[in-house]
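One structure below.
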Amino acid sequence: MTLRLHDTATRETRDFVPLQPGRAGIYVCGLTVQSEPHVGHVRSAVNFDVLRRWLSATGYEVDFIRNVTDIDDKILAKAAEQGIHWYALAAAMKRALDKALAAINVLPPTYEPGATGHVPEILELIEELVARGHAYAAEDGSGDVYFDVRSWPAYGELTRQKVEDMEPAGDADPRGKRDPRDFALWKGWKKDSEPQTAAWPSPYGPGRPGWHIECSAMAGKYLGPAFDIHGGGVDLRFPHHENEQAQSRAAGRPFSSYWLHNAWITTAGEKMSKSLGNSLLIPSVLERVRGIELRYYMVSAHYRSHVEFSFEALDEAAKGFRRIEDFLDRAGGTAVASAVPDEFAAAMDDDLGTPAAVAVIHDHVRQGNSALAVGTSVTAQIAAQVRAMLDVLGLNPADEAWATGTGDDKLTSVVDALVQGLLAERAAAREAKDWARADAIRDQIKAAGVEVEDTPTGPKWSV
RNA sequence: GGUGGGUUGGCCGAGAGGCGAGGCAACGGACUGCAAAUCCGUGUACACGGGUUCAAAUCCCGUACCCACCUCCA
């Protein structure tokens, strides 16, 4: 079986053929750390985390590079507004991002390069482009360096657009540009409005990297001139990815073989944009559902499908996931099967068909529950398969990534001791067929927020 | 104007010519002292109008509405 991926550059779902057998180099555009992460950011991270896990599960050695843009116009502007250093804002938002991603079990990338740490690589690439006649220093003394769109006939190939049809950038500063569509590789330091810490020396004068160039430079450094997969959100297709590809190819680097783009998650039909201010921040979402439930919600939709976020749908997903967890609880054990079922693998191989993959998990859960009812030995085997499938999706409840603090364990044992006392009383009442008394005890426990279920092996409680 | 995507049952959400993915909710049954959980069963779904075909949610033509990108964006 071969993994097939939908390449947005060719608009085809085609076999994944790595440049080197058994290895996969992936570059994903991470975030500009300018504000708290919301569910949209997290969706992208989860989608590509699933890709990475599936490649690993099928035997690939994966180099997963996800950048963090730690300097740009917005970071500078927001920091200035808040009266703090731009790097203080970037660092604080980076910590918030790390926390959010850890809460939904997104594996840390192999390496997470930042723009500010790669100025030499960026300048090297710019110089290469200037030398080849694809970039020029602005003649207005601004210190900017632009990519010359007209010098690269393939410009627009990624998004199938003709340069003539593109709207000229209305808000762009046209100073010194040969064409309004030319974009900045290097931004000259504006000494009147920007702190000195936001400028690095360069042959063009002090300045900082433009937005797109960092990804080309860092992908080149860590994955080489040619690599397998480049990912990001759909909005990045243009201009960001188009520009990345143009820059890289104009510098003689073949760049990415496949382009993957995840769709949006919206609220009230609107894009969850930083500028709209309707962001659903992760900490507040996690007050409602657990991280594993949020992740399940995201994985149950296909990465290329637009999702309309709603708390109702999130709650439903959480219930659906608990059904899986309940089965694993009842089945006991922690064994993980060495291989996932064929239907699951087929679903994943088909452009990461996580909805179908989740359906396979539910099918197994149903079979497992049936097996459990008659007490057959296949139960453990089914549970092990379910865990293997959940592992691929980053949803195995036994994964230590989901482990809660030690305080919880202590609390659990205290509650257990209290509940057990009441359950013993209830058992005595049931023994005496005093149903009214037994139910009263159950209601009393329930009123405290603890559900009691009678199982063949005795009563079980859960919060 | 250019480019790309969408509209599926009460809800979420797959599929991409022929057996009704899966989940949530609902209803009926089994189990249970009663519940819960679980299992079994129950659904005239594919925006609209034409067309192709033995067969269309799926392909073609047209229409409507929605969304994204076109140099801030996951």
Side-chain angles (χ1 to χ4, degrees), chain A residues 8 11 28-32 34 37-48 69 72-74 77 149 156 159-162 164-172 180-184 210-212 231-240 242-243 261-266 269-276 296-297 300-302 304-308 310 312-321 323-324 326-327 330 343 347 350 353-363 365-366 368-370 372-374 430 433-436 438-439 442-443 446 451-455 459-460 462:
Chain A
T8 38
R11 278 188 303 179
V28 173
C29 286
L31 259 59
T32 298
Q34 50 142 332
H38 56 60
V39 295
H41 299 133
V42 153
R43 179 186 191 189
S44 182
V46 167
N47 288 157
F48 290 107
T69 298
D72 87 322
D73 294 352
K74 283 217 163 178
V149 163
T159 48
R160 265 173 295 276
Q161 297 182 88
K162 293 185 179 129
E164 312 83 68
D165 292 336
M166 292 175 190
E167 279 180 11
D171 60 333
R181 281 146 298 217
D182 288 352
F183 55 90
W211 175 35
H212 318 293
V234 273
D235 59 316
L236 297 179
R237 291 173 68 235
F238 193 89
H240 187 54
E242 185 73 68
N243 291 355
H261 290 101
N262 66 275
W264 292 104
I265 181 161
T266 58
E270 281 186 84
K271 185 170 142 181
M272 212 167 283
S273 160
K274 292 164 190 169
S275 41
L276 282 178
Y296 174 81
Y297 172 59
S300 21
H302 187 88
R304 286 194 286 119
S305 292
H306 165 234
V307 168
E308 171 68 18
S310 78
E312 292 71 23
L314 181 62
D315 289 344
E316 277 185 13
K319 275 188 211 165
F321 185 71
R323 178 183 156 77
I324 299 171
D326 286 349
F327 162 66
R330 267 175 280 129
E343 315 99 275
D350 183 13
T354 53
V358 167
V360 174
I361 294 177
H362 279 287
D363 286 341
V365 167
R366 191 181 327 98
N369 278 325
S370 295
L372 210 49
V374 292
R430 294 182 75 203
K433 300 211 186 297
D434 182 355
W435 308 125
D439 290 351
R442 186 169 63 194
D443 290 345
K446 188 175 179 175
E451 292 280 351
V452 172
E453 287 174 38
D454 291 321
T455 75
K460 192 183 138 223
S462 58

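Letters go in sequence order (proteins before strands), and every chain restarts at 1.
Between Asn369(A) and Arg323(A), the side chains place no donor N or O within less than 3.5 Å of an acceptor N or O (distance only, hydrogens not considered). At a cut-off of 3.5 Å, with distance as the only test, no side-chain donor of Thr32(A) or Gln34(A) sits close to an acceptor on the other residue.
Remark: the separation of the C1' atoms in A26(B) and C11(B) is 11 Å, to the nearest Å. Using atom P as the reference point in both G6(B) and C60(B), the two lie 12 Å apart (nearest Å). For the P atom pair drawn from C59(B) and C19(B), the interatomic distance equals 16 Å after rounding to whole Å. Look at the C1' atom in both A14(B) and C24(B): the space between them is 15 Å, to the nearest Å. For the C1' atoms, the distance linking A45(B) with U58(B) amounts to 14 Å, nearest Å. The separation of U63(B) from A68(B), taken at their P atoms, amounts to 23 Å, rounded to a whole angstrom. Taking the C1' atom of each, C54(B) and G13(B) are spaced 32 Å apart, rounded to whole Å. Comparing G49(B) with A57(B), their P atoms are spaced 13 Å from each other, to the whole Å.
Using a 4.0 Å heavy-atom cutoff across all strands shown, Val452(A) reaches at least one base atom of the nucleic acid. At a threshold of 4.0 angstrom between heavy atoms, the contacts of Gly30(A) are confined to the sugar-phosphate backbone, with no base atom among them. Among the atoms of the strands shown, only primed sugar atoms or phosphate atoms (P, OP1, OP2) are found under 4.0 Å from some heavy atom of Arg160(A).
With rounding to whole Å, His302(A) atom NE2 is found 11 Å from A16(B) atom P. Put simply, CG on Asp454(A) is 10 Å from C1' on A37(B), counting in whole angstrom units. Distance, Asp326(A) CG to C24(B) P: 11 Å, rounded to whole Å. Atoms CG (Leu372(A)) and P (C31(B)) sit 19 Å apart, rounded to a whole Å. Rounded to an integer number of Å, the gap from NE2 of His362(A) to P of C39(B) is 11 Å. Counting to the nearest Å, the P atom of U71(B) and the CG atom of Asn243(A) are 11 Å from each other. Distance CG (Leu236(A)) to P (A68(B)): 15 Å, rounded to an integer number of Å. Arg366(A) has its CZ atom 6 Å from the P atom of C40(B), to the nearest Å.
Checked by distance alone, Lys319(A) brings no side-chain donor or acceptor within 3.5 Å of a matching partner on the base of C24(B). In the interface, the side chain of Asp363(A) is not paired with the base of G22(B) through any donor and acceptor atom under 3.5 Å apart. Between the side chain of Arg442(A) and the base of A35(B) there is at least one donor-acceptor pair of N/O atoms closer than 3.5 Å.
The side chain of Arg181(A) approaches U71(B) more closely than any other nucleotide in the set A14(B), U71(B), G22(B). Considering only the side chain of Arg323(A), U38(B) comes nearest among A21(B), U38(B), C70(B). Considering only side-chain atoms of Gln161(A), the nucleotide from U38(B), G2(B), U71(B) that sits closest is G2(B). Of the candidates G33(B), C39(B), C11(B), the closest approach to any side-chain atom of Glu316(A) belongs to C11(B). Which of C72(B), U38(B), G13(B) sits closest to the side chain of Asn369(A) comes down to U38(B).
Position along RNA chain B of the nearest nucleotide to Arg11(A) versus Ala301(A) favours Arg11(A) as the more 5'-ward residue. Each of Gly353(A) and Pro239(A) was assigned the nucleotide of RNA chain B with the nearest heavy atom; the assignment lying further toward the 5' end belongs to Gly353(A).
Distances shown here put a side-chain N or O of Ser305(A) below 4.0 Å from the OP1 or OP2 atom of A14(B). Between Arg430(A) and the phosphate of U32(B), there is no side-chain N or O to OP1/OP2 separation shorter than 4.0 Å. Between Arg330(A) and A36(B), a side-chain N or O to OP1/OP2 separation shorter than 4.0 Å is absent. Note on Arg237(A): every side-chain N or O is 4.0 Å or more away from OP1 and OP2 of G5(B).
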Worked verdict on Arg181(A) versus Phe183(A) for side chain to side chain contact (heavy atoms under 4.5 Å, CB included) | CA-CA 6 Å; Arg181(A) 281 146 298 217; Phe183(A) 55 90; over 6 Å; no
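Base-pair partner of U44(B): not found among the strands shown (Watson-Crick or G-U wobble, both distances under 3.5 Å). As the counterpart of C59(B), G51(B) is assigned, both hydrogen-bonding distances of the Watson-Crick or G-U wobble pattern falling under 3.5 Å. Base pairing of G10(B) is made with C24(B), judged by Watson-Crick or G-U wobble geometry with both donor-acceptor distances under 3.5 Å. Checking G4(B) for Watson-Crick or G-U wobble geometry (two distances, each under 3.5 Å) identifies C67(B) as its partner.
When all heavy atoms are compared, the tightest approach of Gly233(A) to Ser44(A) is N-OG, 4.4 Å. The shortest heavy-atom contact between Asp182(A) and Val149(A) is OD1-N, 2.8 Å.
By the 30° and 60° cut-offs, the orientation of the rings of Tyr296(A) relative to His362(A) is perpendicular.
Counting heavy atoms from C-beta outward, Asp454(A) and Arg430(A) have side chains that approach closer than 4.5 Å.
A salt bridge is defined here as a Lys NZ or Arg NE, NH1 or NH2 lying under 4.0 Å from an Asp or Glu carboxylate O, and Asp443(A) with Lys446(A) fails to meet this definition.
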